[in-house]
Amino acid sequence: MMAASVKKRLVALLGSSLKNCLEKGKFELAAPPPSIEVEMTKDTSHGDYASNIAMVLASQARKPPRQIAELLGEQIEDRDHLLDEVEIAGPGFLNFFIKEHIWTTLLQDVDSLQEQFGTNNIGQGKRVQVEFVSANPTGPLHIGHARGAVIGDVMANILTASGYNVHREYYINDAGNQMNNLGTSVLLRYLELLGKTVEFPDNIYQGDYIRDIAEQIMEKYGDTYVNRDDDEAVRFFTDYAASMILDEIKNDLKAFGIVFDEYFSERELYKDDGVARLLEDLKARGFIYREEDTLWFRTTDFGDEKDRVVVRKNGEPTYFAADIAYHKNKFDRGFDTVIDVWGADHHGYMPRVYGGIQALGFNKDSLKIVLVQLVNLLRDGKPLAMSTRSGEFVTMKEVIDEVGRDAARYNFLMRRSDSHLDFDLELAKKQSNENPVYYVQYAHARICSMIRLAVDRNFSIPRYDETDFSRLTLPEEVMLIKVITRYPEVIEGAALSLEPHRLTFYLNELAGIFHSYYNKHKVVSDDLALSKARLFLVNSIRMVLNNALNLLGVSTPEKM
RNA sequence: GCGCCCAUGGCUCAGCUGGAUAGAGCGCCGGACUACGAAUCCGGAUGUCGGAGGUUCGAAUCCUCCUGGGCGCGCCA
């Protein structure tokens, strides 16, 4: 059974205190009470937690904030004896000083939950789809895709750990002009290989992988297609190439530790005239109009800067038309929340997609679009030029092969996703203090090493009930305990804000406090009870490091 | 030109959804292994939070304008 967090218990205490005040007529409110916020303090001289509720209430209660704080403080009924002291400070903060032994009681969760420690149930089983990567199968994944891939993957992990029922999906854009370009590119290369003189237009894909696929087709089918440049031939080359490339994409993702529940093909949407029927539906709802042989969606109704074409003059639906159908499909599958992870270069596309789902009657809030800024790939501080079409790019696979999966993943998680990221290959490769992933992994390995030593000396990791926590009196130990017990809140916050980077920052903090503690104090000593208590503590740290790194998809080495 | 995002120590970035004296890492200088792993630790300097107004008990955070950067503005995806 998970213990309620101290924060939640304080919120509850304040809630009933407020109720008492109102019932006893200590003050009156002109409006319904706002939700009560309790925050961890930055400075321990302000206690462990603080609430600003008195200041928030001041204007509607028409009393000075400090007076409100006094009244609230008096009416707190601390039946569980959580508190040493409630202090009124500054302009009207209520500062809570928690009894020290309360913290150690929270460590019971680490012992009883083990690998599950840190999980929560804010999701309550709600179904969430996370759609990410979704690169066209026109070439291998490159470094920019890698960042979105990791962020989407870890976000999905965090949501799973928060009680959501998560579905990971990759949308394959395999139905547009770019695909025809791909087919044509391979066809032309194929013809060239067979000795034909061919001209390559500018918009053709030129990477080596195009040539590889052309060679493969040549080996398999000889010159079967040499005199055919008709639509059917192009379609064959397109399908063949797309399938090869998609397989490679799947392999690369797998090597990066990323596995999808579903690869959803854009072509699915066209089956049974799905897109056409959707457009009819929208037309019936009055959002579609015709102008000069094209069909327009009135996205300006939803704040877009101009209306968008859904069916071109040549009669073909646009990518956008399919995308509305796709989002409808998502909601029809019963997801409560749909999350799209996009490259930030698509941000201008957001209003029309939000418009699309609203036109269909879905709630705007049920779609969350997370933008991931593009990555600048550097080597020794110098930028590497990249362009998919010209074939000059560093693939995701090359990056993983060069710097390693752990370092690559961790590097992508060290910044908030909407912030630009410089990814320096040489820096990411360094096994040094410039590379935070090793800092955290080293803490884990160090603890494992310590435990090995302790076991050699016939210690065992004590259970919670066998541990004498009164021996953990050092300030560093109290600090460590507090940071450990904060871990579940970090996950909850990361899940609510869809911000995976919070975990890496937390891990760096935890590892830092541990390393410092380690250098200052000996865990395994002649003092049996003390050693056991400290072993329990460091093993709890190990557990948190293990659980958090698992969520990040980063390994937890026992030796380095 | 219009729209979106960003601007925080020398550099790279956090800042928990408006809280108290704005924090890390790197870099720089000086120290710590006959002690559970030195990929570690300890000590030392650095800020008009791009600028100007506004909102309120309180602003790096919210609103307006300006400056400087990134991206977008296809019947491409």
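In what follows, chains are A, B, ... by sequence order, proteins preceding strands, each numbered from 1.
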Practice prompt. Determine the Euclidean distance between corresponding P atoms of B:U12 and B:C42; express it in Å to zero decimal places.
Written response: 26 Å
Practice prompt. Please state whether the phosphate of B:C13, meaning OP1 or OP2, lies under 4.0 angstrom from any side-chain nitrogen or oxygen of A:R415.
Written response: yes
Discussion item. Can you check the distance between B:C4 and B:C65, where both ends of the measurement are the P atom (answer in whole Å)?
Written reply: 10 Å
Worksheet item: Starting at CG of A:L413 and ending at P of B:U12, how long is that distance when rounded to a whole Å?
Response: 21 Å
Fill in: Parallel, tilted or perpendicular: ring planes of A:Y319 versus A:Y349, cut at 30 and 60 degrees
tilted
Worksheet item: In terms of base orientation, is B:C57 syn or anti, with the syn window spanning 90° either side of 0?
Response: anti
Item to complete: Indicate, with a heavy-atom threshold strictly under 4.0 Å, whether A:H444 touches base, sugar-phosphate, or nothing.
Response: nothing
Worksheet item: Will you find, in the side chains of A:S525 and A:D527, an N or O donor that is under 3.5 Å from an N or O acceptor?
Response: no
Discussion item. Can you classify the ring geometry of A:Y289 versus A:W296 as parallel (below 30°), tilted (30 to 60°) or perpendicular (above 60°)?
Written reply: parallel
Fill in: Whether over 12 other heavy atoms sit under 6.0 Å from A:E558 CD
no
Worksheet item: When the P atoms of B:C13 and B:C76 are considered, how many whole Å apart are they?
Response: 36 Å
Worksheet, complete the sentence: Partner of B:U48 under the Watson-Crick or G-U wobble criteria, both distances under 3.5 Å, comes out as none
Item to complete: Please say whether more than 12 non-hydrogen atoms of neighbouring residues, nucleotides or ligands are located less than 6.0 Å from CE in A:M350.
Response: yes
Worksheet item: Around atom CG of A:D526, are there more than 12 heavy atoms of other residues, nucleotides or ligands at under 6.0 Å?
Response: no
Worksheet item: Does A:Y439 have a side-chain nitrogen or oxygen under 4.0 Å from the phosphate oxygens OP1 or OP2 of B:C41?
Response: yes
Discussion item. If I take atom OH in residue A:Y442 and atom P in nucleotide B:U40, what distance separates them, rounded to the nearest angstrom?
Written reply: 7 Å
Worksheet item: Which sits closer to the 5' end of RNA chain B, A:R312 or A:S59, going by the nucleotide each is nearest to?
Response: A:S59
Worksheet entry | Residue pair A:Y326 / A:E266, side-chain donor-acceptor N/O under 3.5 Å | no
Worksheet item: Do any side-chain nitrogens or oxygens of A:Y319 fall under 4.0 Å of OP1 or OP2 in B:A77?
Response: no
Discussion item. By the 4.0 Å heavy-atom rule, please label A:A445 as base, sugar-phosphate, or nothing.
Written reply: base
Practice prompt. Using the P atom as the reference point in each nucleotide, state the distance between B:A45 and B:C2 in Å, no decimals.
Written response: 48 Å
Worksheet item: Who is the Watson-Crick or G-U wobble partner of B:A7, with both distances under 3.5 Å?
Response: B:U67
Discussion item. Classify A:Y518 by what it touches in the nucleic acid, base, sugar-phosphate, or nothing, heavy-atom distance under 4.0 Å.
Written reply: base
Discussion item. Would B:U12 be called syn or anti here, given the cut-off of 90° from 0?
Written reply: anti
Item to complete: Determine the interatomic distance between C1' on B:G47 and the same-named atom on B:G3; round to the nearest Å.
Response: 33 Å
Practice prompt. Could you work out which one of B:C75, B:C5, B:G37 sits closest to the side chain of A:V309?
Written response: B:C75
Response to the item:
Separation of B:G37 atom P from A:K520 atom NZ, nearest Å, is 20 Å
Worksheet entry | B:A20: pairing nucleotide in any strand, Watson-Crick or G-U under 3.5 angstrom | none
Item to complete: May I ask which nucleotide in the shown strands pairs with B:C2, Watson-Crick or G-U wobble, both distances under 3.5 Å?
Response: B:G72
Fill in: Rounded distance (Å) that lies between atom P of B:A38 and atom CE of A:M560
13 Å
Item to complete: Report the C-alpha distance between A:M560 and A:Y438 in whole Å, list the side-chain angles of each, state the deciding distance to 0.1 Å, and finish with yes or no for side chain to side chain contact (heavy atoms under 4.5 Å, CB included).
Response: CA-CA 9 Å; A:M560 289 173 71; A:Y438 298 115; 3.8 Å; yes
Worksheet item: Nearest to the side chain of A:T318, which nucleotide is it out of B:C75, B:C36, B:C13?
Response: B:C75
Fill in: Separation of the P atoms in B:G69 and B:A32, to the nearest angstrom
48 Å
Item to complete: Please determine if A:K7 and A:E492 form a salt bridge, counting it only when a charged side-chain N lies under 4.0 Å from a carboxylate O.
Response: no
Worksheet item: A:H521 NE2 to B:C36 C1': how many Å, rounded?
Response: 14 Å
Discussion item. For the backbone of A:C448 and the side chain of A:R542, can you confirm whether one donor and one acceptor N or O come within less than 3.5 Å of each other?
Written reply: no
Discussion item. Distance check needed: B:G37 C1' versus A:D456 CG, whole Å only.
Written reply: 14 Å
Worksheet, complete the sentence: Whole-Å distance, A:M450 CE to B:G37 P, equals 8 Å
Worksheet item: For atom C1', what is the distance between B:G58 and B:U40, given to the nearest Å?
Response: 41 Å
Worksheet item: Just checking A:E558: base, sugar-phosphate only, or nothing, at a heavy-atom cut-off of under 4.0 Å?
Response: base
Worksheet, complete the sentence: In 5'-to-3' order, the base (B), backbone-only (S) or no-contact (-) status of each nucleotide in nucleotides 15-24 of chain B, using a 4.0 angstrom heavy-atom cut-off, is SBB-BB----
Discussion item. The side chain of A:K522 is closest to which nucleotide in this list: B:G37, B:A77, B:A35?
Written reply: B:A35
Worksheet item: Say you pick atom C1' in B:G23 and the same atom in B:G9; how far apart are they, in whole Å?
Response: 11 Å
Practice prompt. Examine B:C42: is either OP1 or OP2 under 4.0 Å from a nitrogen or oxygen in the side chain of A:S516? Give yes or no.
Written response: yes
Worksheet item: So, are A:E169 and A:K330 salt-bridged, with charged N and O less than 4.0 Å apart?
Response: no
Practice prompt. Could you please name the partner base of B:C62, counting Watson-Crick and G-U wobble pairs only when both distances are under 3.5 Å?
Written response: B:G54
Practice prompt. Verify whether one side chain among A:Q441 and A:D406 offers a donor that lies under 3.5 Å from an acceptor in the other.
Written response: yes
Worksheet item: Rounding to a whole Å, what distance do you find between A:N435:CG and B:U12:P?
Response: 18 Å
Fill in: Residue among A:I541, A:V483, A:N508 satisfying side-chain contact (heavy atoms from CB on, under 4.5 Å) with A:I513
A:V483
Please tabulate the protein-to-nucleotide N/O contacts below 3.5 Å involving nucleotides 71-73 of chain B, giving atom names and distances.
| residue | atom | partner | partner atom | Å |
| --- | --- | --- | --- | --- |
| B:C71 | O2 | A:H347 | NE2 | 3.4 |

Worksheet item: Out of B:C76, B:G37, B:C42, which has the shortest distance to the side chain of A:N177?
Response: B:C76
